[in-house]
Amino acid sequence: MSEVTLDELVSLCKRRGFIYQGSEIYGGLAGTWDYGPLGVALKRNILDLWWRTFVDERDDMYGVDAAILMNPKVWQASGHVDTFTDPLVECSNCHNRFRADKIEDENRCPVCGRENVFGEPRQFNLMFKTNIGPTQDEKSISYLRPETAQGIFTNYKNVVDSFYPDLPFGIAQQGKAFRNEISPRDFVFRSREFEQMEIEYFVRPDEWEKAFEQWQKDIHKFLKALGLSDSKVHELEVSDGDRAHYSKRTVDFEFDFPIGREELLGLAYRTDFDLKNIEKGSGKGMEYRPKDGGEPFVPHVIEPSFGLERAVMAVLTSAYQEDEIGGEKRTVLKLPTELAPVRVAVSPLLKNKPELVAKAREVYKTLKAEFGRVMYDDNGNIGKRYRRQDEIGTPYCVTIDFDTLEDDTVTVRNRDTAKQERIKIESLADKIK
RNA sequence: GCGGGAUUCGUAUAACGGUUAAUAUAUCAGUUUUCCAAACUGAGGACGGGAGUUCGACUCUCCCAUCCCGCACCA
């Protein structure tokens, strides 16, 4: 089986209404992508599955939805302002970067010692700046959040005050984040506006390892539910030198994308770095008071961080297959049923027989009321419709034929096997469930 | 941000310094069709944007935008 190429994926997404280039009609805008009717359905299904798995089905998780615009102090305390908005020079030899105003000898690289390696200082604004209120001065500057995590940390105390949960517990959030990437690349893989699904899981400092390992398992389970093949998912233990300075352990979950093996999501042990920063920045105590009367302490944090667009891309990569039905080649998206944008398509066997069309419409209406994600399709002939539905990953096609008019049975055709089954209309909903 | 390559109907491709820009597929309308892209008829649909060279530019040159490949970046 040949692997799908990026071009094939991009082309299918465009042709079938999953993903379009952002602002395409005006020549596009680098690093932005628009989701069409099927794309948004797929995206929402992934978001829903994630929320169900990690929030609704657990009793140790709390959801939040923080504002995208936050007090700029958040980004000062977190270190984002210092790291991302200064003019930097880059050594053309060793590629280290330095604050242009902090460098001692502007002709010599302090790391590799070479001379005349610096070009003009450049502004590395990875955060999108904006002005709040009518005046546009230094005081009104704020930022579009470059990560959702801070929206969780800043609400940690609120959640504890409202619910006083036992440790360990987690706070989950889904939402957009913005990064002014120097070079957005690889379809939706690296874009300037993207959606994160993040959890900050708060634990006792001596229990982080246990929690970390449990999260590794839970993540694998979720990736399986997304339909990602095990052979394409790889854990990468991030080495000491490559980890963020505050992290004691990080495991990247990588996936074999059409562009190569790249990070799909990250699992990081962040110690008490973030809550301590907020203590310093806000002056408010972030200590957790154990109910058994033990000494208060600042909890440590395990952070599983998912990128929605990368999940979409991984799901499509895994699902995309080319196989043969009756000697004819076809393209099929073998999406898990709960992720499929269209759950079931309904067709009359022939579209020029009014009695079949009427019956098909009736069945369509019933299923639509039950499942929502139902499509009525009478284009071309029946074989053509099956192929179209295969290409967008519809797991079931229901066809109304002349027998239906006699005995109220329909055929249900399975996407993956192309096998058909004749069943009663009244048991259709159960069958599809 | 650097280097290279590209940009033509929805998609995939073609051609040409000069007639109405072609083909496949998809789309729409119709005929036909009793289960896996059948056939027929008809219709709509494109030279990324802007300058320049030229009698004439989709074609040549430059600028811009976007995409792809490589590098760098990825807190």
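What you see below is based on every heavy atom in this structure, not just the backbone, and it leaves out hydrogens, waters and symmetry mates. Quick caveat, the model's predicted, so the values are computed rather than measured. Below, chains carry the letters A, B, ... as their sequence lines are ordered, and counting in each starts from 1.
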Measuring only the [atom1] atom in each nucleotide, how far is [N] from [M]? A whole number of Å is fine.
{"N": "B:rU59", "M": "B:rG1", "atom1": "C1'", "answer": "32 Å"}
{"N": "B:rG18", "M": "B:rU54", "atom1": "C1'", "answer": "12 Å"}
{"N": "B:rG4", "M": "B:rC9", "atom1": "C1'", "answer": "29 Å"}
{"N": "B:rA38", "M": "B:rG70", "atom1": "C1'", "answer": "47 Å"}
{"N": "B:rU11", "M": "B:rC62", "atom1": "P", "answer": "28 Å"}
{"N": "B:rG44", "M": "B:rC35", "atom1": "P", "answer": "35 Å"}
{"N": "B:rA29", "M": "B:rU19", "atom1": "C1'", "answer": "31 Å"}
{"N": "B:rA43", "M": "B:rA21", "atom1": "P", "answer": "16 Å"}

Please report the distance, rounded to the nearest Å, between [atom1] in [X] and [atom2] in [N].
{"X": "A:Leu38", "N": "B:rG10", "atom1": "CG", "atom2": "C1'", "result": "14 Å"}
{"X": "A:Arg385", "N": "B:rU33", "atom1": "CZ", "atom2": "C1'", "result": "10 Å"}
{"X": "A:Lys351", "N": "B:rU33", "atom1": "NZ", "atom2": "P", "result": "14 Å"}
{"X": "A:Lys14", "N": "B:rC9", "atom1": "NZ", "atom2": "C1'", "result": "11 Å"}
{"X": "A:Gln21", "N": "B:rG10", "atom1": "CD", "atom2": "P", "result": "15 Å"}
{"X": "A:Leu29", "N": "B:rC64", "atom1": "CG", "atom2": "C1'", "result": "14 Å"}
{"X": "A:Ile25", "N": "B:rA46", "atom1": "CD1", "atom2": "C1'", "result": "14 Å"}

Given [N], is OP1 or OP2 found less than 4.0 Å from the side-chain N or O atoms of [X]?
{"X": "A:Asn379", "N": "B:rA26", "result": "no"}
{"X": "A:Arg387", "N": "B:rA37", "result": "yes"}
{"X": "A:Arg388", "N": "B:rU27", "result": "yes"}
{"X": "A:Ser11", "N": "B:rA12", "result": "yes"}
{"X": "A:Asn381", "N": "B:rC35", "result": "no"}

Donor-acceptor pair under 3.5 Å: do we get one between [X]'s side chain and the base of [N]?
{"X": "A:Glu181", "N": "B:rC74", "value": "no"}
{"X": "A:Ser183", "N": "B:rC73", "value": "no"}
{"X": "A:Arg16", "N": "B:rG10", "value": "no"}
{"X": "A:Arg413", "N": "B:rC36", "value": "yes"}

Sugar-phosphate only, base, or nothing, as touched by A:Ala30 at under 4.0 Å among non-hydrogen atoms: sugar-phosphate
Touch class at under 4.0 angstrom, heavy-atom based, for A:Asp186 against every strand present: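 Sugar-phosphate contact only.
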Parallel, tilted or perpendicular: rings of A:Tyr376 and A:Tyr364 (30°, 60°): perpendicular
Note: A:Lys359-A:Glu362 ion pair, threshold 4.0 Å (strictly below): yes
Residues A:Asp378, A:Arg361: salt bridge by 4.0 Å N-O rule: no
Stepwise ring-ring contact (aromatic ring centres under 6.0 Å, His included) test for A:Phe189 and A:Trp33: CA-CA 10 Å; A:Phe189 185 83; A:Trp33 299 91; over 10 Å; no
Position toward the 5' end of RNA chain B (nearest nucleotide), A:Arg15 or A:Trp33: A:Arg15
Residue whose nearest RNA chain B nucleotide is more 5′ - A:Gly28 or A:Glu328: A:Glu328
Passing option when A:Tyr156 is tested against A:Tyr62, A:Tyr201, A:Phe202 for ring pair (Phe, Tyr, Trp, His ring centres under 6.0 Å): A:Phe202
Sequence-distant partners of A:Glu254, side-chain hydrogen bond (donor to acceptor under 3.5 Å, both in side chains), two or more places apart: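 With sequence neighbours excluded, A:Glu254 shows a side-chain hydrogen bond (donor to acceptor under 3.5 Å, both in side chains) to no residue whatsoever.
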B:rA39: pairing nucleotide in any strand, Watson-Crick or G-U under 3.5 angstrom: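 Pairing partner: B:rU31.
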CA sep, side-chain torsions, deciding dist, call: A:Leu350, A:Phe402, side-chain contact (heavy atoms from CB on, under 4.5 Å): CA-CA 10 Å; A:Leu350 299 172; A:Phe402 292 97; 4.1 Å; yes
